[in-house]
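Scroll down for the structure; my scribbles are underneath it.
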Amino acid sequence: MITFRDVHKAFGEKKVLAGLNFSVHSEEIVFLLGTSGTGKSVTLKHIVGLLRPDSGNIQIDNEDITGYSEEDFALIRKKCGYVFQHPALFDSLSVFENVAFGLRAHGELQESQIQDKVTQSLELVGLRGINEKYPHELSYGEQKRVSIARTIAPGPSYLLFDEPTTGLDPITTNAVNTLIFKLSRKLGVTSIVVSHDMGCALKIADRIIVLEAGRLAVDGNVNEIWSCSQPLVKSFLEEVRLSGVDIKRFDEENPHS
Amino acid sequence: MEAIRQMKETSRLIFILYLKMGALFFTHIKKRRSEILEQLAVLGWGSLPVVVVSTASAGMVVCQEMAYHMDLVLKTVEMVPGFSTQFIVRELGVAIPAFLLTAKVGASITAEVGTMKVTEQLDALKLLSVNPVEFLTFPRFIASILITTILTVFSIAITFLTGLLAAVQGYSFNTLQYITASTKAIDEIDLLSALVKGAVFGSVIPIVSCVYGFRCKEGAEGVGRATTDSVVTSTILIILLDLILTAVFASLFR
Amino acid sequence: METLIEVKNLEFSYPGLPLFKETSLEIKKGEVFVLLGPSGSGKTTLAKLLAGLIQPKQGTVLIEGLDIFDPKVPPLKRENVFKKVGMVFQKNALFDSLNLLENITFPQKERLPERSQAERLKRAQSLLDRVGIGSFPTLFPDEISGGMQKRLGIARALALDPEILILDDPTAGLDPVTSRDIADLILELQKEKNATAFVITNDVSRATQMGDRVGLLKDESILLIGSPEEMKSSQNPAVKQFVEGLLNGPFGDYQMEVS
Amino acid sequence: MILSLKKIFESFGSLTIFYGQLFKSFMKNGLPKGTLGQVGYLGWQSLGVTLYAGLFAGAILAIQFYVMLSDFGGEAMIGGLNTSANVRQVAPLLIAFLLSGKIGAFTSAELGTMKVTEQIDAIRCLGIDPIWHVVLPRFLGMVIASILLLTFGVVMSVLGGMIASSLVAGINPLQYIAFIPRVITSESLISGFFKSSVFGLIIGGVSCHQGISTTGGARGVGITVTRSAVTTMLLIVLADFLTSQIMQTALKLLDY
């Protein structure tokens, strides 16, 4: 469980988080929705300590991480896998070495164990036989999947996705969205997805949190969002209508996965 | 093999740009006057502090080193003023600012042009029928030649003064005596060689920088790579030209 | 309606990456044509071909009947055609050493030397006001938000009163609320000036919102779909896959087993 | 003016802290794994230009000495003077300039790209310390490679001087070499090596520090590389001055 209590954060003059409160329960898929500049990605970076709050506190599994040092965060970061908006793969390493990087650096595993884990993670994201390729030889979609594999390899219990589908075409968007859903369920992890794609959220989220001006504006499940009358939410729903696609829930489409 | 092909391509482009600069000099110097003045201010003013600080300390070192060697070989430091000044005018006063400018001016030109390439600003210029070579390279080319020549004179003066300071302080020379010995040691040809070298080095920097900037590949990685390569290539070319010009002046005029 | 832009049998490729083959397209005066396509399919390349920024391997592009790649056309004539083309770039291509106002006076200075500086400034300020960023003309492009940068890019494209607008992914990376505002602004301006627009995007919602006619880039050429309504009801498997984001279809198999 | 002075002091302060950070990380975790690889990689890719620069530096200086000495028939001394001046001063300085572009700016660009494409953050998110795993191997690699390359370059400068003086001044290579031992002292060798080490530390430290503090996309990386090259060159010239003074004082104290 992750809990934010009255978190404030400002960059210079600019207030980004202004008293943010919310919590995420285990094995949920939660979408953080909002327009640009409302502090969605900033929120995500607070969880893994890439940013520190000005005030308020953040708890992960009932541990207050607010005052943690960089070293203390090493443990939190093992528990919370972070998937960046752009793949951020290491250009000079092969796909295999990219995924193995986190496992090797900690030096706790045997080479054969690393081999197994890497292969397993790559298979989980649907990639086979590209171990020896380099990032620049892959399509954007494949790079994205490798970066997800790198994140899940150490076995985190939380997955944090930063704008995973922004700027992608509808087919790739759907593919990534599907992957997030299947992985979360399969691994039994808690996923927090920062996005401004309401369509994706409606398809796979267990809960949708809408942020506005650095605070929580709406918090509800998919049915509650559909019938919500908050202006920002309505504006997002209008976008879904414009795209003209019927929103089918994934759990209904694939009841067994 | 790839490296050789790259080198050929780079030298071809450098050559072409030089030709274009020559042509533009006669046709566009008036039209681009405001850009040239702007570049003079940006490049010159920005480089002045770096050149002053570095040549000041280099002047002292050169005087001390000269004294050390004269003492070692000739057992006298009598020749220090003449030799130091000769060395400063012929070599050091020109080379040190040139190398610093490859970083200060060259790298910043490549970074700027490269960024314009990857953010499509060059395309935006072309769509306005503005030729990037005429609009970007040409003003920088003229400005850089002027600045490098002026800074060369500057740096020779500073190096000479700090050398004088070191000699008077460390080896009890008389100021007047030092200046007299120095002026005797150099002639017009030495000064000419300094100015020619300065101008040539100054022309190399913007040309090489623009070649790498225009060819810059996508993204942050591309800009970083282009900037690095441009500094290295400029440095290598300047060393090569320095040797050639040194040899030419040594054999032609002695 | 008369044809303003005509692309005939265009062929273009990058080494190892064929992009267009026998591609043809006609755009009528005053319409908004939206081109959809997955990333990497060559949308931006097509925009740059239309703007004469890159040369095709084969084929012709006619703007107002003038073949822009014909080497026999005198450069001045070509330049005069491109005076009528305004482009909004995917990465904005704002001049980052110039402030907001100067970004719009610059094109005028280069292309309309006869216009006085005072007139240029007046025109620039009115354009900034029109796109809604007129209250801070002396800021620099990197000091304003992504949405505002897009607005500045649009204002600059309008600086020379173009009759043709080429918009390369004008809402890329923006959130839906901002995207919709930007698209509305573009439509308003296009109607005001009675300009012709060629819009590139991969966002189906934007195509619905903006397009008079929609096309889809598939198999190295343009598949004409028709109106946005026809796009939504289309039974063409490629259109269906793209619009609905289906994981299987002519664009390839995106399905993956999570094993 | 005061503002820019304040900026200079600030960046000098943060550079000092950065050296401290690297030292602490080294003391705590020992030698990082990739160090040798970096030495090989950086050394190998810069070997060609270093040898070239050394050769040319020697040649340029030899011609200058020839012109100076020929006025009063001192050509015989060229070999010794040229070698000594190169070992103590010219070759290390010139090659250090080249290396601040070739390996310094290169690593700045690499780290800067990793920073702006969030690769550094990705490493932190895997619970890995980027200073020890990514920065320290590059820093040590640059320091060691620089020292090695500077040594090779200096040797080449002697050769370059020999070739140039035989071509331009018609000095017999044997005569050139014969004068070397009379001028080269252990003091000069120590001084040259000391200088090279300081230059290596500057190149490594400044470029890593600049690289890791990059912000803001392609433009940011360009600015970083420029700053890294300028700062390195400037500090090298200043360090050249300071090390000369330090060596002189130290040797006086030791009563050489």
Side-chain angles (χ1 to χ4, degrees), chain A residues 33-38 40 85 120 122-128 139-142 145 163 165-187 195-200 203 231-232 234-246 248 254 257, chain C residues 36-41 43 90 144-150 169 171-181 183 201-211 216-217 228-234 238-259:
Chain A
L33 245 59
T35 52
S36 312
T38 43
K40 304 180 304 279
Q85 181 180 354
Q120 210 181 359
L122 282 169
E123 275 178 7
L124 270 172
V125 298
L127 293 173
R128 267 191 208 97
S139 73
Y140 192 81
E142 286 172 321
R145 282 192 260 166
E163 308 216 6
T165 59
T166 300
L168 303 181
D169 61 62
I171 308 174
T172 319
T173 298
N174 198 14
V176 171
N177 212 29
T178 312
L179 183 61
I180 293 173
F181 178 77
K182 289 189 175 169
L183 268 181
S184 305
R185 291 288 189 256
K186 168 95 186 164
L187 300 170
S195 174
H196 42 229
D197 193 335
M198 182 60 101
C200 286
K203 280 182 196 163
L232 183 63
K234 284 185 85 165
S235 179
F236 272 108
L237 288 172
E238 164 71 12
E239 186 70 9
V240 178
R241 196 194 56 75
L242 265 178
S243 77
V245 182
D246 297 335
K248 285 188 211 111
N254 314 289
S257 54
Chain C
L36 287 167
S39 30
S41 59
K43 299 191 297 296
Q90 188 172 19
I144 57 177
S145 73
M148 292 180 189
Q149 289 180 359
K150 261 299 118 55
D169 220 342
T171 58
L174 302 177
D175 65 71
V177 178
T178 316
S179 291
R180 201 151 63 225
D181 291 348
T201 184
N202 60 25
D203 185 341
V204 176
S205 305
R206 294 291 80 73
T208 313
Q209 189 189 351
M210 301 174 81
L216 176 66
L217 205 53
E229 286 68 39
E230 287 172 276
M231 168 179 78
K232 281 182 191 163
S233 58
S234 169
V239 178
K240 227 173 138 58
Q241 181 184 14
F242 190 84
V243 171
E244 295 178 22
L246 303 178
L247 298 182
N248 297 301
F251 280 108
D253 189 5
Y254 286 71
Q255 192 86 47
M256 63 204 122
E257 281 311 306
V258 171
S259 50

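Keep in mind the model is a prediction, meaning the values are calculated, not measured. Computation of the quantities below employed the complete heavy-atom set of this structure, encompassing side-chain atoms and omitting hydrogens, waters and symmetry-equivalent molecules. Reminder, nothing fancy here: chain letters follow the sequence lines and each chain counts from 1.
The contact between A:Thr166 and chain C is made entirely by side chain atoms (from C-beta outward), counting heavy-atom distances below 4.5 Å. For C:Leu36, no part lies near chain A; criterion is any non-hydrogen pair under 4.5 Å. In this structure, the portions of C:Phe242 lying under 4.5 Å from any heavy atom of chain A include both its backbone and its side chain. Looking at A:Glu238, the atoms closer than 4.5 Å to chain C (heavy atoms on both sides) sit in the backbone and in the side chain alike. Using a 4.5 Å cut-off between heavy atoms, C:Asp169 does not touch chain A at all. In this structure, chain C has a heavy atom under 4.5 Å from the side chain of A:Leu232, while its backbone stays farther away.
Taking every heavy atom of both residues into account, C:Pro176 and A:Phe236 meet most closely at CG-CE2, 3.4 Å. Nearest heavy-atom pair, C:Pro228 versus C:Ala207, reported as atom, atom and distance to 0.1 Å: CG-O, 3.9 Å.
With sequence neighbours left out, the side-chain hydrogen bond (donor to acceptor under 3.5 Å, both in side chains) criterion links C:Ser39 to A:Asp169. Take C:Lys240 and apply the salt bridge (Lys or Arg N to Asp or Glu O under 4.0 Å) test, not counting sequence neighbours, and it matches C:Glu244.
Not a single donor-acceptor pair under 3.5 Å links the side chain of C:Ser234 to the backbone N or O of C:Glu230.
Between chain C and the residues A:Ser36, A:Gly141, A:Gly199, A:Ser195, the largest count of heavy-atom pairs under 4.5 Å involves A:Ser36. Between chain C and the options A:Gly167, A:Ser235, A:Ser139, the largest number of non-hydrogen pairs under 4.5 Å is found for A:Ser235.
Looking only at side-chain heavy atoms (C-beta outward), C:Thr208 and C:Met231 come within less than 4.5 Å of each other.
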